[in-house]
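Worksheet: the structure to be examined is printed underneath.
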Amino acid sequence: MRTAIYPGSFDPVTLGHLNIIKRAAACFDRLIVCVMINSKKQGMFTPQERVELLRKSTARFPNVEVDYSDGLLAAYARRRRAHVVVKGLRAVSDFEQEVQMAVINRKLNPGLETMFLASSEKYTYLSSTIVKEMARYGADLGEFLPREIVEDVNRRMQELQERKD
Ligand code: PNS
């Protein structure tokens, strides 16, 4: 069975992520979408909540599994017997950091290849950070998030703003 892992912060999953999930799931027997910790980012949702949002958004893909790990991607891939990591590339600005991570991951786990999928041009501008910024100002998120989770994101943003007041 050919298994690939699509790792990320997914805070929250966007339509850009979902587009990569759909295309990667068509290339492998099984795709594990794994919520992982990016030490440079602060979360709007807990990792468990992100897993739930991903599960809601990917329920229609039978060969997609959603998981969480707070460890190293290279070790997680070894444990799950996956030899491929899938990443989406939006722009040249993503490239340097992604290649650095791919090289480090292969150093830690020589059997692990990283494959990049070019983002759909519809989503090159989209990121979880931008979505959170738009949510803060009450913009309509329907074009940017899977419809199953728009309410969850709006509700969480409202809670965060009420907590601040
Ligand atoms: O969506 P992101 O924030 O770009 O995803 C980055 C992520 C979470 C995939 C990356 O930070 C990661 O792999 N974290 C797990 C720890 C790890 O293996 N780091 C890379 C080698 S030091």
Side-chain angles (χ1 to χ4, degrees), residues 3-25 27-28 30-58 61 64-136 141 144-146 148-150 152-153 156-157 160:
T3 300
I5 299 175
Y6 178 35
S9 312
F10 303 113
D11 184 44
V13 55
T14 68
L15 285 180
H17 295 131
L18 201 60
N19 178 261
I20 298 288
I21 291 171
K22 183 175 155 190
R23 289 161 57 204
C27 298
F28 295 92
R30 178 172 60 155
L31 180 71
I32 303 172
V33 181
C34 189
V35 173
M36 302 200 90
I37 304 297
N38 182 339
S39 51
K40 295 190 200 113
K41 292 183 182 168
Q42 268 225 323
M44 177 187 204
F45 291 95
T46 65
Q48 201 48 50
E49 288 170 333
R50 295 178 212 176
V51 166
E52 287 311 315
L53 297 178
L54 272 162
R55 287 201 175 127
K56 273 194 203 181
S57 309
T58 60
F61 303 115
V64 171
E65 173 190 330
V66 182
D67 196 8
Y68 163 65
S69 167
D70 60 2
L72 280 175
L73 173 58
Y76 177 81
R78 193 176 284 122
R79 200 168 73 243
R80 299 302 311 264
R81 296 180 197 285
H83 300 287
V84 177
V85 169
V86 171
K87 286 295 198 86
L89 270 189
R90 284 167 303 192
V92 180
S93 51
D94 283 343
F95 184 78
E96 202 173 317
Q97 207 200 342
E98 291 298 345
V99 168
Q100 191 183 24
M101 277 202 274
V103 171
I104 290 176
N105 284 327
R106 197 143 57 91
K107 225 176 167 42
L108 297 171
N109 177 349
L112 191 59
E113 292 291 353
T114 300
M115 294 189 182
F116 295 105
L117 291 185
S119 272
S120 157
E121 69 283 359
K122 259 165 81 184
Y123 302 122
T124 46
Y125 63 91
L126 192 55
S127 69
S128 301
T129 307
I130 293 280
V131 167
K132 283 180 272 193
E133 183 72 3
M134 288 193 290
R136 191 166 293 125
L141 303 181
F144 313 113
L145 292 176
E148 296 87 348
I149 72 162
V150 170
D152 300 270
V153 174
R156 175 55 49 89
M157 186 49 78
L160 291 174

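Just follow the structure's listing: the first ligand is 1, and inside any ligand the first atom is 1. Computed over heavy atoms, backbone and side chain alike; hydrogens, waters and symmetry mates excluded.
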Looking only at protein heavy atoms, identify the closest one to [atom] and say how far it is in Å.
atom                    : value
atom 17 (C) of ligand 1 : Leu72 CD2, 3.6 Å
atom 18 (O) of ligand 1 : Leu73 N, 2.8 Å
atom 20 (C) of ligand 1 : Asn105 OD1, 4.2 Å
atom 7 (C) of ligand 1  : Gly8 CA, 4.5 Å
atom 2 (P) of ligand 1  : Ser9 OG, 3.4 Å

Find out whether [X] and [Y] are in side-chain contact, i.e. whether some heavy atom of one side chain is under 4.5 Å from a heavy atom of the other.
X      : Y      : result
Leu15  : Phe144 : no
Asn38  : Met36  : no
Arg81  : Thr3   : no
Met134 : Ile130 : yes
Val85  : Asn105 : no

**Request:** Could you tell me whether a side-chain N or O of Thr46 sits under 3.5 Å from a main-chain N or O of Glu49, the two making a donor and an acceptor?
**Result:**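 Yes, because the side chain of Thr46 sits within donor-acceptor range (under 3.5 Å) of the backbone of Glu49.
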**Request:** State whether the side chain of Arg156 and the backbone N or O of Phe45 hold a donor-acceptor pair below 3.5 Å, judged by distance alone.
**Result:**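 Here the side-chain-to-backbone pair does not exist.
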**Prompt:** For ligand 1, which atoms, with element, lie under 4.0 Å from some heavy atom of Gly71?
**Reply:**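 Those atoms are 15 (C), 16 (C).
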**Item:** Enumerated ligand 1 atoms positioned under 4.0 Å from heavy atoms of Asn38
**Value:**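 Answer, ordered by atom number: 2 (P), 3 (O), 6 (C), 11 (O).
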**Message:** Considering both backbone and side-chain atoms of Lys41, is one of its nitrogen or oxygen atoms within less than 3.5 Å of a nitrogen or oxygen in ligand 1?
**Reply:**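 Such a contact does occur with ligand 1.
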**Request:** Only heavy atoms count here, so choose which of His17, Met101, Met36 is nearest to atom 10 (C) of ligand 1.
**Result:**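 Result: the heavy atom closest to atom 10 (C) of ligand 1 is in Met101.
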**Asked** Counting heavy atoms only, which of Ile37, Asp11, Ile5 is nearest atom 11 (O) of ligand 1?
**Response**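 The option holding the nearest heavy atom is Ile37.
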**Item:** Those residues that, when tested against Tyr6, pass ring-ring contact (aromatic ring centres under 6.0 Å, His included) (two or more places apart)
**Value:**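 Expected list: Phe10.
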**Prompt:** Would you say Ala74 touches ligand 1, if touching means a heavy atom closer than 4.0 Å?
**Reply:**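 Not so, Ala74 does not reach ligand 1.
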